[in-house]
Amino acid sequence: MRVLMFLVALCMTATNLFADSFEDLRGRVGNKGSIVLPQGTEIEGIIVSDYKSHNMETPVQVSAKAVDLGDNFRTAYIQSLDGKYGFRVVFNSVYDNRFPRFSRVKIDLGGAVLTKEDDPERYTISNLVGAFVSVLEENAQVAPKVRHIGELTDDDLYTFVTLADVEFMSKEGAYTNVHEKKVARTYINDFKTHVDGPIDGSGLLLKDNRGDDIFMPVNTKCTWRRDGDRVPQGVGDVDGVLVHTVLRRYGDIGRYAIRPATDKDIRIPMESASSYETIAEWNWDRNYDVALNLENQGLKEWIFGDVCSPDRVLPDVGQGFLSTTAGAMMRLDAEWNSRCVHDGNDAGSGAREYSVLRLNSDTKDWYIFEGDKIVGANAVLVETSTKGYEGSAVSFEFTFSAGNCSADLSWGFPGEWQVAYSVDGRNFIPVQKTFLLRPLWYSPANVKDLEGVRDLCYDAAPGSIECRVTLPAFLLGKDKVYFRIYPMSGKLTVLPENPADDINSGTMRNGFSHQFVLRLGKVSVKSLKNQ
């Protein structure tokens, strides 16, 4: 009997030693997808999440009008003591997840489920209760992991990472540039007319001094998201958990994203600095005279209800032209990138008046047909000179959205867009990257053309989408360079009867006609300075 008990104890000890290694535990899954971990399995590591934070996980959309906030509070992240690997941990209830950030813990994983997901490779532990977690030490020393964006790998997922030498692509607005009337009520937007909207996350783009970029999701329940100050204006470091997440309202936000727990993790100075030099920029946030500076029509002050005929828009910084080959009418409109909630005429929305260029056209004007075949596309065309500029790369940046907070104008437009560049204005080289154009949030309405009421779909955006491409340095020092933003496919947006269905399920055909509103925020051409 004693021999049997000794063997059982020896087996359990061996299991614990095996499980103490994050690498070995990951290897248990193999190609099975999910496994139930046997009794006696334990790991020791450091909790790198913050159970008090509203920014640990993307809220799960459960209906057109609600999300599951609890998923954020059930989620924690634990990394190995050496910081090499991490697990996403999902507790059974929000009350089980009560372990301070940077606590060294031991977890009994018997009966827990370990799940492996691919592309990127990442691991989640679920079916876990708080009673199986023992805190061994508080305020433990976390193994430093400083990375530039291009150095990140799948092994860094769910670990605490410091992103070095980063800055915000758009330095206007707050940490969430969203339509406040469509998100959750907090103390910063608790005005009388406000009711809770379908709470979701926002995504701001960070770029570094090597030309790479990454999204920084911030959930709209975070009270620090909009405090009256602009986002930091300089270059610095951002701490957080590296995740792979889906923000449907923002399209594909990339393989990796960084989630800070609080604004204190964003260690970028407020003093203005950049690793990039602006060559040309169209930025209507600076448009204090509320006018478009047009090549042929001159300075056109905006009058309510008025639009300008197609023309080329002169930049706020540098030299060049912005126009469209689709023949769209032009006017200024509001964008939700105010640093304050009550900034602008539309009090309470977070809107900034006259800060986007609105292009009114018909969907058919953006496509070129031969018979029933699409043979080309019209575009937003940006032209500038890079003569006299040096650097290691060119950064082309823009923000865009569609519609006008109306269900009628939130469908029937190109859903997939692309960027191409040229030095002669004729031969364009496309960038192999797809940008999904989203309609602004709208209220449920009876859409006559669709013969029924349409709820807010899960793909509608609370604000503009931030887009960026890094281009070769040979574009610098040229008399002329050109950039096109254009539909890359015949996929059109729809308003599905089930709001959870994909919005990009329509198909462009010759003869289709529908009013299309394209909204362009800041458009910039920058050079990446030699480091």
More than 12 heavy atoms of other groups within 6.0 Å of Q531 CD: yes
Could you check whether any side-chain N or O of D24 sits under 3.5 Å from a backbone N or O of S21, counting only pairs where one atom can act as donor and the other as acceptor? no
Would you confirm whether the ring centroid of F87 sits within less than 6.0 angstrom of the ring centroid of F22? yes
Heavy-atom closest pair, residues A164 and V146: CB-CG1, 3.9 Å
Would a 4.5 Å heavy-atom cut-off, applied to side chains only, mark W224 and V218 as touching? yes
Can you check whether P487's main-chain N or O pairs, donor with acceptor, with Q418's side chain at less than 3.5 Å? no
Mind checking whether V183 and R225 have side chains closer than 4.5 Å, heavy atoms only? yes
Salt bridge between R226 and E180, side-chain N to carboxylate O under 4.0 Å? yes
Are any of the side-chain heavy atoms of V142 and Q79 separated by less than 4.5 Å? yes
Strictly under 6.0 Å, is that where the ring centroids of F483 and Y421 end up? no
Could you tell me which non-hydrogen atom of D501 sits nearest to which non-hydrogen atom of R248, and how far apart they are? O-NH2, 3.5 Å
Taking every non-hydrogen atom, the tightest pair across L436 and G251: CD1-CA, 3.7 Å
Checking D156 against T159: is there a side-chain donor and acceptor pair closer than 3.5 Å? no
If we ignore angles and hydrogens, is there a donor and acceptor under 3.5 Å between the side chains of N504 and T493? no
State the CG-OG distance between L247 and S202, to the nearest 0.5 angstrom. 8.0 Å
Where F398 and V419 come nearest, the two heavy atoms and their spacing: CE2-CG2, 3.7 Å
Go through it in stages, so that I can follow the logic: the residues are S274 and K526, the test is side-chain hydrogen bond (donor to acceptor under 3.5 Å, both in side chains), and I'd like the CA-CA distance, side-chain angles, deciding distance and then a yes or no. CA-CA 11 Å; S274 180; K526 298 176 182 284; 5.9 Å; no
Is it the case that the side chain of S103 and the backbone of V105 share a donor-acceptor pair, with hydrogens and angles ignored and the cut-off at 3.5 Å? no
Does a side chain donor of either S275 or K207 reach within less than 3.5 Å of an acceptor in the other side chain? no
Using only atom types and a distance under 3.5 Å, with no angle test, would you say the side chain of K522 pairs donor to acceptor with the backbone of E397? no
Quick one: pull up CG in L440 and CG in L456 and give me the separation to the nearest 0.5 Å. 11.0 Å
Please determine whether a side-chain nitrogen of the Lys or Arg among D265 and R101 lies less than 4.0 Å from a carboxylate oxygen of the Asp or Glu. yes
For a quick check under 3.5 Å, do T399 and E466 share a side-chain donor-acceptor pair by atom type? no
Is any side-chain heavy atom of V525 less than 4.5 Å from a side-chain heavy atom of Y276? no
Under 3.5 Å, is there a donor-acceptor pair between the side chain of N55 and the main chain of N219? yes
Test side-chain hydrogen bond (donor to acceptor under 3.5 Å, both in side chains) on E416 and T434 and set out the steps. CA-CA 6 Å; E416 297 181 332; T434 302; 5.8 Å; no
Is the distance between the ring centroids of F73 and H54 less than 6.0 Å? yes
Is the shortest heavy-atom distance from the side chain of V89 to the side chain of Y77 under 4.5 Å? no
When you check the gap from the basic side-chain N to the acidic O, do D229 and R339 get nearer than 4.0 Å? no
Min side-chain heavy-atom separation L206-D208 under 4.5 Å: no
Side-chain heavy atoms of V178 within contact of D200, under 4.5 Å: no
Using a 6.0 Å cut-off, check whether atom CZ of R230 has over 12 heavy atoms from anything other than its own residue. no
How long is the straight-line distance from CG of L437 back to CG of L518, given to the nearest 0.5 Å? 6.0 Å
For D119 and R255: C-alpha separation, side-chain torsions, deciding distance, then whether salt bridge (Lys or Arg N to Asp or Glu O under 4.0 Å) applies. CA-CA 8 Å; D119 198 26; R255 192 175 187 89; 2.8 Å; yes
Is there a donor-acceptor pair under 3.5 Å between the side chain of R122 and the backbone N or O of P120? yes
Residues D239, R259; criterion salt bridge (Lys or Arg N to Asp or Glu O under 4.0 Å); working and verdict: CA-CA 8 Å; D239 298 329; R259 277 197 178 274; over 6 Å; no
May I ask you to check whether D154 and Y256 show a side-chain donor-acceptor distance below 3.5 Å? yes
Considering only NZ, NE, NH1 and NH2 on the basic side and carboxylate oxygens on the acidic side, decide whether K529 and E277 come within less than 4.0 Å. no
Going by atom types alone, do T176 and T220 pair a side-chain donor with an acceptor below 3.5 Å? no
Is R104 paired with E138 through a side-chain N to carboxylate O contact shorter than 4.0 Å? no
Does NZ or CZ of R249 fall inside the cone over W441's six-membered ring, less than 6.0 Å from its centre and within 45° of the axis? yes
Is any side-chain heavy atom of I266 closer than 4.5 Å to one of M216? yes
Evaluate E57 against R88 for salt bridge (Lys or Arg N to Asp or Glu O under 4.0 Å), listing each step before the verdict. CA-CA 10 Å; E57 182 57 274; R88 175 173 173 261; 2.9 Å; yes
Closest heavy-atom contact between L242 and I258? N-CD1, 4.2 Å
Without swapping roles, check the side chain of K145 against the backbone of G83 for a donor-acceptor pair under 3.5 Å. yes
Using a 3.5 Å distance criterion without hydrogens, assess whether the side chain of T75 forms a donor-acceptor pair with backbone atoms of D71. yes
So does E137 have more than 12 non-hydrogen atoms from other groups sitting under 6.0 Å from CD? yes
Over all heavy atoms of both residues, which pair between G45 and L81 is shortest? Give the atoms and the distance, please. CA-CD2, 4.0 Å
One pair to check against salt bridge (Lys or Arg N to Asp or Glu O under 4.0 Å): R352 and E335. What are the steps and the verdict? CA-CA 5 Å; R352 191 172 184 84; E335 183 178 29; over 6 Å; no
Is the distance between the ring centroids of F215 and Y250 less than 6.0 Å? no
Please determine, by modelled atom types, if S80 and D82 share a side-chain donor-acceptor pair under 3.5 angstrom. yes
Donor-acceptor check, side chain of S401 to backbone of S464, threshold 3.5 angstrom: yes or no? no
For I268, run the side chain to side chain contact (heavy atoms under 4.5 Å, CB included) check against V235, V231, D237, V238 and tell me which one passes. V238
Would you check, one step at a time, whether the test side-chain hydrogen bond (donor to acceptor under 3.5 Å, both in side chains) holds for T470 with S395? CA-CA 5 Å; T470 299; S395 180; 5.2 Å; no
Ring-plane angle category for H179 and W336, please: parallel below 30°, perpendicular beyond 60°, tilted otherwise. parallel
Heavy-atom donor-acceptor pair, D108 side chain to E42 backbone, under 3.5 Å: no
Please check if the distance between the ring centroids of W417 and Y486 is under 6.0 Å. no
Run the numbers on H148 and D165 for side-chain hydrogen bond (donor to acceptor under 3.5 Å, both in side chains), then give the verdict. CA-CA 7 Å; H148 284 92; D165 304 314; 2.7 Å; yes
